[in-house]
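Everything numeric in this text was worked out from a predicted model, so none of it was measured. Scope of the values below: all heavy atoms of this structure, side chains included, with no hydrogens, waters or symmetry mates. Chain naming here is simple, since letters A, B, ... match the order of the sequence lines and numbering starts at 1 in each.
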2 protein chains.
Amino acid sequence: MPKETFFRLPKEKQQRLIDAARIEFSKSSLQEASIANIVKLADIPRGSFYQYFENKEDLYFYYFENLRSIRTQDIEACIKEHDGDFFIGFETYFRQLIEDVFTGPNVDFYRNLFLHIDFKATNRFSPESMADDKMSEYHHQKMKKHLTELKHLIAAIDTSSLNVKTERELIMLFKLMMSIVFASINSGYYKQKRGKELVVKELIEEFSTKINWLKNGVYLGEKGE
Amino acid sequence: MPKETFFRLPKEKQQRLIDAARIEFSKSSLQEASIANIVKLADIPRGSFYQYFENKEDLYFYYFENLRSIRTQDIEACIKEHDGDFFIGFETYFRQLIEDVFTGPNVDFYRNLFLHIDFKATNRFSPESMADDKMSEYHHQKMKKHLTELKHLIAAIDTSSLNVKTERELIMLFKLMMSIVFASINSGYYKQKRGKELVVKELIEEFSTKINWLKNGVYLGEKGE
DNA sequence: ATTATATACGACAGCCTGTCATATTACAAG
DNA sequence: CTTGTAATATGACAGGCTGTCGTATATAAT
């Protein structure tokens, strides 16, 4: 999280930093990017950077959360839009997400994000637990917020026609779905590039196939419990 | 891939490097680890390191592939063991994998691996495609080998009772399964630690639940096509 | 013995991070 | 308007790390 000082800065200076972040993190992954480059791009002295942010990651996730294309609330909205239908809701969400990720104004940023993000960071999207010891107070708060949002989302799901017995299972199902979403996006970056639209179309089809498996089962024949 | 020189080295010296890799990569993630540390541990001059390996990653993946706990062949064996049953085969595989990862001699290495590996590197387990331009000849070969192994594995699956129409869909299903495996392992690192055995037990149960969803569908009631 | 080839070695250029002492500005209180 | 305090700005710097390169040494072949 940016420090107080950053938010007290004139908007124009803040924007310079955000622009620099976009440029640098579109060109390089979080790992490859350097503060040296960012301060050069934003034309601020190196010392100042550390007055605004803890480190590279701090700026990165601030930038990322400002785009906020992966929001629990968005998923929740999609599910509510379809009367609590978990699967239809998620397909709707996936369609808009994939569109943004592959054809929106931040394609390059997303490319680096999804190719290089590690599993641990995945928890910034769907929090696993609060068990991590070395977590800053800020992160602790963030996690708490995420968990609240998650509970909220969970509550919006109509479970009457789902084979899900407990809330714990429902959360498992949600996380399973999220991992399918991430894997699906990722596979998009490896498709032969005949044009973004085709890739998007193919991804949506494949996602549907997967969701259908999950909905109705991969086994043929009668459903037995 | 290590350079020729490395393989011509006396076994003892090779071992020193492998040991150093284990120590360093158990203490730090690939990202945090440093060659400086490794050469200090192995007691070889820095210059020599570059005579044996391209870089840090080179040693890392050499070490990793020497453990080889995640092998297409292992999965194939498990599936064959159960007469081509994809799901039973995978559950068997998962059980032995999770055991190795959480209680085997390389727990710390695996911890860093699974928490910090990025999605792109995931392709070293289940290759996505050959489309990556900036791929070395070596990697190209590796990918080809992986793909061959994958085809082989795919052929061992009995699809007669699966709702899978094409080979392409079968590969999709396999990859879906792999992403569930990774996500499952990962979630293990966030569980309250009441002891490894309990975590392993819980993970296996959760994996079963997920597989059951995938087998029979999350939707209740009659199965419709 | 001589020469070519493979290996060993550590100094070094170049890059990066996070900090710190110092300079500058903003602002409140007298 | 002046003075003191807190906030902000700034770039030099210590300490690390990577990959390379010139030189030294060993090995083998003739």
Do [Y] and [X] meet the salt-bridge criterion of a basic N to acidic O distance under 4.0 Å?
X	Y	answer
A/Glu99	A/Arg95	no
B/Glu24	B/Lys56	no
B/Lys201	B/Glu205	yes

B/Tyr60/B/Phe25 under ring pair (Phe, Tyr, Trp, His ring centres under 6.0 Å): CA gap, chis, key distance, verdict: CA-CA 8 Å; B/Tyr60 186 84; B/Phe25 294 132; 4.7 Å; yes

Can you confirm whether or not the ring centre of B/Phe7 sits under 6.0 Å from the ring centre of B/Tyr52?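 No, they do not, as the ring centres are separated by 6.0 Å or more.
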
Aromatic ring centroids of B/Phe53 and B/Phe49 under 6.0 Å?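 Under 6.0 Å, so yes.
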
Any residue of residues 31-53 of chain B with a heavy atom less than 4.0 Å from an atom of DNA chain C: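 Here the set is B/Pro45, B/Gly47, B/Ser48, B/Gln51, B/Tyr52.
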
Does the side chain of A/His116 pick up a donor-acceptor pair with the side chain of A/Gln31 at under 3.5 Å?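 Short answer, no.
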
Any base atoms under 4.0 Å from A/Lys3, or only sugar-phosphate, or nothing? Heavy atoms, all strands.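 Counting heavy atoms under 4.0 Å across all strands, no contact is made by A/Lys3.
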
Can you name the side chain to side chain donor-acceptor pair (under 3.5 Å) partners of B/Arg22, sequence neighbours left out?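 By the side chain to side chain donor-acceptor pair (under 3.5 Å) rule, B/Arg22 matches B/Asp19.
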
So, using side chain to side chain donor-acceptor pair (under 3.5 Å) as the criterion, who are the partners of A/Glu12 when residues are at least two apart?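 Here the qualifying residues are A/Arg16.
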
Tell me, please, the opening and closing nucleotides of DNA chain C, 5' to 3', among those with an atom under 4.0 angstrom from a non-hydrogen atom of chain A.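 It runs C/dC16 to C/dT19.
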
DNA chain D: 5'-most and 3'-most nucleotides touching chain A, 4.0 angstrom heavy-atom criterion: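 Contact boundaries, 5' end first: D/dT8 to D/dG11.
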
In chain order, what residues pass the side-chain contact (heavy atoms from CB on, under 4.5 Å) check against A/Ile18, with sequence neighbours excluded?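 Applying side-chain contact (heavy atoms from CB on, under 4.5 Å) to A/Ile18 gives A/Gln15, A/Tyr62, A/Tyr63, A/Asn66.
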
